[in-house]
Amino acid sequence: MFSLQGIESCPIALVSIGVVYGLLKALEISREDSFFAACLYALCPVVIMQSGSNYIDVIVALFLLMGLFWMTRYLGERRTSFALFSGIA
């Protein structure tokens, strides 16, 4: 029988893959290398296993990556809204 238990972590894992890509692009890594690193993150066994479970590790990783993304954007452009977004994440 198919169970939808833990399905809420699956879209969170997909968003975190995009955040990994955006973070590396903000660090001025090439598009190809950023895509490759995001694919490696997506294929990490821990991400795959926990995206279909009730564990919150993928959700915590998403917020950590979002905080790093906004902080790198703030350090590059010095806009206070980016620092605020980093603090919210």
Side-chain angles (χ1 to χ4, degrees):
M1 176 182 236
F2 182 70
S3 173
L4 293 178
Q5 181 181 6
I7 197 71
E8 66 274 354
S9 294
C10 197
I12 299 292
L14 294 174
V15 171
S16 68
I17 294 166
V19 172
V20 167
Y21 178 79
L23 175 63
L24 293 172
K25 288 295 293 171
L27 292 172
E28 299 177 358
I29 307 295
S30 71
R31 189 182 77 181
E32 293 84 13
D33 291 342
S34 298
F35 182 75
F36 181 70
C39 288
L40 284 179
Y41 175 79
L43 295 174
C44 180
V46 173
V47 174
I48 293 171
M49 299 277 259
Q50 291 189 358
S51 66
S53 68
N54 284 334
Y55 294 122
I56 63 166
D57 296 344
V58 175
I59 299 169
V60 171
L62 170 67
F63 286 113
L64 173 74
L65 290 168
M66 284 188 343
L68 288 172
F69 170 75
W70 288 115
M71 185 53 66
T72 55
R73 294 283 309 265
Y74 169 73
L75 293 174
E77 298 180 29
R78 296 291 182 190
R79 290 180 53 190
T80 56
S81 61
F82 292 158
L84 179 68
F85 293 152
S86 176
I88 290 172

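Reckoned from all heavy atoms, side chains included, excluding hydrogens, waters and symmetry mates.
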When clusters are formed from ILVMFWY side-chain contacts under 4.5 Å, directly or step by step, what else is grouped with V46? none
Other than L40, what residues sit in its cluster of Ile, Leu, Val, Met, Phe, Trp and Tyr side chains whose heavy atoms are under 4.5 Å apart, directly or through others? F36
Which atoms form the tightest heavy-atom contact between [X] and [Y], and what is the distance?
| X | Y | value |
| --- | --- | --- |
| V58 | V47 | CG2-O, 4.4 Å |
| S86 | G67 | OG-O, 3.1 Å |
| L23 | T72 | CD1-OG1, 3.8 Å |

The side chain to side chain donor-acceptor pair (under 3.5 Å) partners of T80 (sequence neighbours excluded) come to none
Residues passing the side chain to side chain donor-acceptor pair (under 3.5 Å) test with Y74, sequence neighbours excluded, are none
Provide the full list of salt bridge (charged side-chain N to carboxylate O under 4.0 Å, His left out) pairs with a residue in residues 49-67, sequence neighbours left out, each pair given once. none
I need the full list of salt bridge (charged side-chain N to carboxylate O under 4.0 Å, His left out) pairs touching residues 65-83, with sequence neighbours left out, sorted by first then second residue. R73-E77
Identify whether [X] and [Y] are in the same connected component of the hydrophobic contact network (ILVMFWY, side-chain heavy atoms under 4.5 Å).
| X | Y | answer |
| --- | --- | --- |
| L14 | F35 | no |
| L68 | V20 | yes |
| V15 | M71 | yes |
| L27 | L62 | yes |
| I17 | M66 | yes |

Atom pair CD1 (I59) and CG (L64), whose distance is rounded to the nearest 0.5 Å: 14.0 Å
Spacing of CE belonging to M49 relative to OG belonging to S9, to within rounding of 0.5 Å: 14.0 Å
Got a sec, which pairs hit side chain to side chain donor-acceptor pair (under 3.5 Å) with one end in residues 60-69, sequence neighbours left out? none
So side chain to side chain donor-acceptor pair (under 3.5 Å) across residues 32-42, not counting sequence neighbours, yields S16-Y41, S30-D33
Mind jotting down which residue pairs meet the ring pair (Phe, Tyr, Trp, His ring centres under 6.0 Å) criterion with at least one end in residues 49-70? Sequence neighbours excluded, please. W70-F82, W70-F85
Could you work out, with salt bridge (Lys or Arg N to Asp or Glu O under 4.0 Å) as the rule, every residue matching E28, not counting sequence neighbours? none
Return the set of residues passing side chain to side chain contact (heavy atoms under 4.5 Å, CB included) with V60 (not counting sequence neighbours), or none when no residue passes. I56
